[in-house]
> 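First the structure, which I've put down as structure tokens, then a few questions once you've had a look.
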Amino acid sequence: MRAVIFDDVRAQPEVREVTMPEAPAGGVVVKVEATGMCRSDWHAWAGHDDIAFPHVPGHELAGVIAAVGEGVHGWKTGDRVTVPFVCGCGKCEWCLAGEAQVCPDQQQPGFTHWGSFAEYVALHAADSNLVALPESVEFTTAASLGCRFATAYRVLAARAQVKAGEWVTVVGAGGVGLSAVMIAKAMGARVIAVDRNPEALAVAARLGADHTVLADGTDIPAAVNVLSGGGSHVAVDAVGSEQTCADAILSLRRRGRHVQIGLLPAINGNPQVPMARVIGWELDLLGSHGMAAVDYPGMMALIEQGALQPQLLIERTIGLEEAALLLPTFETATVAGMTMVDPAR
């Protein structure tokens, strides 16, 4: 099969012919119809994750089951499916409690094993992790759910428990940030979107953001304080840097809730976080690591009903060759929405 592959940290990715995966026991092989390019894929390429080389990235995907491994009971070849980027083992106490996103024995395509920037990908513990894809939901839409959209949905609905009328500040208007804007508006919140890219902020405004703030040296917390009348109730760092994390936390009002989505790699020691404000204002700091398959039905129903429209977040669809060229530059690319990859293109 054809796949995007790189041989070392920050090595130039290439499209090569590689051996097709076999279905693991309890798992399946999926023919990839669409896969998303995410900042997390860039983190893996940049050496911020412990991966084995050579490596095929890609963790957001949708497609059709091509092969079924021994011990799979709920799925057959030809089924249309998607999957969370965290695949739980299906057996531990966290998986049995419906919290597979924190499974200690989790598998992640594109990180723990070869991922979906390929024509086929192997997935583990299929009966616990696969999500049936309705015919009315396109593959590109479904692929956008696996990391960014599903993560944003759980961030706001389950972790921050956003209420109608609250102010939500989203720092970073990439794929997950724009997802958070759309979902927060659907929940009745008032939204402030922050980004360094004017085009991304224009998309955020079209998705319903009440205000946008350009990160061009502006004092972000001060701007949010004025716009929200005292600070936001919920802040989301959808980028993952010391600056964006601090801006999000300092944008909160007293007793506010911060959710960290963007990874914070330790560049020079552990990242600095404004803990004095956290303590003095009794802020809640929350992490979020995707969403388990058992929580997909509620989100999928809202998509089928049209209440949520993740397809509006897709800016472009590219092929594997373009994906190989784009991945090393993705951190600084001025993308106003999600980039999807079609392995057949």
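No experiment lies behind these values; they were computed from the predicted model shown. We number each residue from 1, following the sequence as shown.
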> May I ask you to test the P109-S116 pair for a side-chain heavy-atom distance under 4.5 Å?
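A side-chain contact under 4.5 Å is absent here.
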
> Give a yes or no on whether the backbone of S288 and the side-chain of Q260 come within a donor-acceptor separation of less than 3.5 Å.
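Checking the backbone N and O of S288 against the side chain of Q260, no donor-acceptor pair under 3.5 Å is found.
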
> Under 6.0 Å between the ring centres of F330 and H43?
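Centroid separation for F330 and H43: 6.0 Å or greater.
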
> CG of L123 to CH2 of W75: how many Å apart, nearest 0.5 Å?
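Answer for the CG-CH2 pair, L123 versus W75, is 11.0 Å.
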
> Measuring only between side-chain heavy atoms, which start at C-beta, is P13 closer than 4.5 Å to F117?
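Side-chain contact under 4.5 Å: no.
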
> For G88, does its backbone N or O pair with a side-chain atom of N129 as donor and acceptor, under 3.5 Å?
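Yes, the answer is positive, given that a donor and an acceptor are paired below the 3.5 Å cut-off.
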
> Look at atom CZ of R16 and say whether more than 12 heavy atoms of other residues, nucleotides or ligands are closer to it than 6.0 Å.
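Yes - once you tally the heavy atoms of other residues, nucleotides and ligands closer than 6.0 Å, there are more than 12.
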
> Determine whether a donor-acceptor pair (N or O, by modelled atom type, separation under 3.5 Å) exists between the side chain of R39 and the backbone of V239.
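Answer holds: yes.
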
> Report yes if some heavy atom in the side chain of H211 is under 4.5 Å from a heavy atom in the side chain of S228; otherwise report no.
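They are not in contact (no side-chain heavy atoms under 4.5 Å apart), so the answer is no.
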
> Evaluate the side-chain proximity of P310 to S179: yes if any heavy-atom separation is below 4.5 Å, no if none is.
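No. Closest side-chain heavy atoms not under 4.5 Å.
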
> Would W42 and H48 count as a close aromatic pair, with their ring centres under 6.0 Å?
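When the ring centroids of W42 and H48 are compared, they turn out to be within the sub-6.0 Å range.
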
> Sub-3.5 Å donor-acceptor pair from the side chain of D195 to the main-chain atoms of A173, do we have one?
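Flag set: sc D195 to bb A173 pair under 3.5 Å.
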
> Are the side chains of E166 and V234 in touch, meaning some heavy atoms are under 4.5 Å apart?
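Yes, at least one pair of side-chain atoms sits under 4.5 Å.
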
> Do M37 and M340 have side chains that approach each other closer than 4.5 Å (heavy atoms only, starting at C-beta)?
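A side-chain contact is absent here, since even the closest heavy-atom pair is not under 4.5 Å.
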
> Does R154 use its side chain to pair, donor to acceptor, with the backbone of F149 at less than 3.5 Å?
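Such a contact is absent between R154 side chain and F149 backbone.
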
> Distance only, no hydrogens: is a donor on one side chain within 3.5 Å (strictly under) of an acceptor on the other, for Q108 and Q106?
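Yes, Q106 and Q108 have a side-chain donor paired with an acceptor closer than 3.5 Å.
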
> Decide whether T244 and D237 meet the rule of one side-chain donor and one side-chain acceptor closer than 3.5 Å.
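Yes, side-chain donor-acceptor contact under 3.5 Å.
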
> When you measure from the side chain of R253 to the backbone N and O of G231, does any donor-acceptor pair fall under 3.5 Å?
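Flag set: sc R253 to bb G231 pair under 3.5 Å.
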
> Does L133 offer a backbone N or O that forms a donor-acceptor pair with the side chain of R80 under 3.5 Å?
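Present.
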
> Starting at CG of L130, measure out to NE2 of H124 and round the result to the nearest 0.5 Å.
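Between L130 CG and H124 NE2, I get 11.5 Å after rounding to 0.5 Å.
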
> Is there a path of hydrophobic side-chain contacts, each under 4.5 Å between heavy atoms, that joins V131 and M299?
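Yes; tracing contacts between hydrophobic side chains, which count when under 4.5 Å, links both residues.
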
> Quick one: does R254's side chain have a donor or acceptor within less than 3.5 Å of a partner on W281's backbone?
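No.
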
> Is there side-chain contact between V30 and L61, with at least one heavy-atom pair below 4.5 Å?
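SC-SC contact between V30 and L61 confirmed.
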
> F111 versus S40: any side-chain heavy-atom pair under 4.5 Å?
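Heavy-atom side-chain distance check passes, below 4.5 Å.
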
> Rounded at 0.5 Å granularity, tell me how far CZ in F139 sits from CG in D342.
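Interatomic distance, F139 CZ to D342 CG, rounded to 0.5 Å: 10.5 Å.
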
> Could you tell me whether the side chains of E60 and T35 share a donor-acceptor contact shorter than 3.5 Å?
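Distance-only check fails for E60 and T35.
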
